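Some notes on the structure that comes next.
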Amino acid sequence: MSQRLDARVAAAAPISDAEVHALALKEAELELLAAIIGEPRTGTIPRRRRRRALTWSLAAAAACAAAVIGVLALTGSRGGSESAFAAEAVRVANAVPRLLIGEPGWKVVRADEFRVDDGEMTFAKGGKRIDLRWLAARQRDFKTRDRAASADRRSTVDVLGDEAVLFRYEGGPPHSYTALWVRGGYLLELRTSGTSRRSPVPGAGEFEHILRSLKAVGVEEWLSAMPPSVVLPVDQEKVVAKMLADIPQPGGFDARRLSSQASVRDRYQLGARVTGAVSCAWIERWVAAKRSGDTRAAAEAVAAMKTSRRWAILREMSAQGAYPEVLWDIADAMVRGGRTLGGKGPPVQDAYRSALGCDAFVP
Amino acid sequence: MMDAMAPDDERFRRLFELHRRAVLGYALRRAGDPADAADVLAETFLVAWRRLDEVPHRAQDARPWLLAVARRVLANQRRGQQRRGRLSERLGAELAAQLAAGSDRIDEDELVARGLERLEPADREMLRLACWEGLRPAQIATALGEPAGTVRSRLHRARTRLRRELADLGYPDAPAVAQEERR
């Protein structure tokens, strides 16, 4: 009907697809690709995870976080002697700049993703949050150019004898701040971290004050500052068993693989891993049963998922993020035999794998 | 655990490989300056990298998702709230050099372009997404963040309006194009 008009409009494009494809840009594109992949993705997952919006990607992100990150291995009890920490943890701690905020009241609330060459921890005090990130120093020029390009004001601040460059973003209100400096072969970045527009963020003066208060600490003090939500490998089997206590599991479900990896896990992420793995197994059976007409098996899966609103770990997690809501929505859809997102979304069988991050639970 | 990042890297590389020129084309057709277009490309894929979990897996869904991001990047750029990033510096320079030869647009195309310019921005973008980016109505809905149900009728309306504008502008083939409307 409209092909002729559409063809005329297409011909009037300032540049055609064929012309765009003919451009000789391969090297510049590869350079861009490398630069983007060099950009850290840390920090984005926990922030999104804690938003309440009911979207698939949120839940998947929360679930995948556990699979993608979590490199530091600790064993033993926090507050113990240095030898109580696993060799890998001490190796990381020995290598990286161990900084803590010296201002009273600031506590590490998130440290679930770090390794020697790239890491991040979040400090919080009274709803305000600040991220401290470290990267190999070779990224300094790129980072500094990048921040300078998108931030509006800059000054310098002395941080433990190193000169930090302070940037202010005008993307507010509220404004956000970031500081970059080099210390011991690392590029460090301290930046305000608002979880939403309504989150309180430190003002310019307070941010600078916090920056100046950073203190270098020893290995033991630094490792001991890890937040209580971190589940150490040595405790994981016990914690997983407790999480599973009120969750019906399909026959043949192997719970051991949930705690088999020797890495630190945030309790929320471990909860997502546990509830997600069980739910994925049930839903998989449900989909197969529906396909084969096995009404008994389908009913069994529905009955199991129906109990999910009472699973204690999900109730605990629901105060922190959207994973439980997404899981419950899928369970409700199974009960109704229909669509997700309150009946308006895709059918369960099309949505559940990405929604719950099932692929991340494959051992 | 460290090599757990590898599938993401790999997926992102494929995403970039598959859609980079589509996003660049989208940007070049809308940004006044090749360097701005390069910047839109860089920012769009930076967002995709950071939000890779949200990027749809199927290529036909990923493209409108990326164009929706590109649209927001472009809008921010136009509002002047974002300064140009340096990720795209080299690409912008190479683009500018290659595109410096100028347009060899023929008069007829010029007239259609003028007709498009006379449309409401929403109608214009609807037609551009359909005809320049080759998106289907459902994909246009994703790219514009609007309900899929309304896109078909709005697209039809936009075409009708363009035909009228072309007729007003004395488009040489206006009767033939207008005839389509009655079919």
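Numbered from 1 within each chain, the chains take letters A, B, ... in sequence-line order. Only a predicted model underlies this, so the values are computations on that prediction, with no experimental measurement involved.
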Chain A interface, residue from B/Tyr26, B/Phe45, B/Phe16, B/Phe12 that has the most non-hydrogen pairs under 4.5 Å: B/Phe16
Side-chain heavy-atom pair B/Leu119, B/Glu165 within 4.5 angstrom cut-off: yes
Proximal component of A/Ala24, with respect to chain B [non-hydrogen, under 4.5 Å]: both
Side-chain heavy-atom pair B/Glu125, B/Arg30 within 4.5 angstrom cut-off: yes
Side-chain heavy-atom pair B/Glu133, B/Gln139 within 4.5 angstrom cut-off: no
Contact winner vs chain A - B/Cys131, B/Gly134, B/Gly115, B/Ala22, heavy-atom pairs under 4.5 Å: B/Cys131
Region of B/Arg20 in contact with chain A, defined by heavy-atom distances below 4.5 Å: side chain
Side chain, backbone, both or neither of B/Leu155 within contact of chain A (heavy atoms, under 4.5 Å): neither
A/Ala18 versus chain B, the contacting section by heavy-atom distance below 4.5 Å: neither
Pairing of B/Arg13 and A/Glu29 as salt bridge, 4.0 angstrom limit: no
Test item: A/Glu27 and A/Glu31 side chains (from C-beta on) under 4.5 Å apart, heavy atoms: no
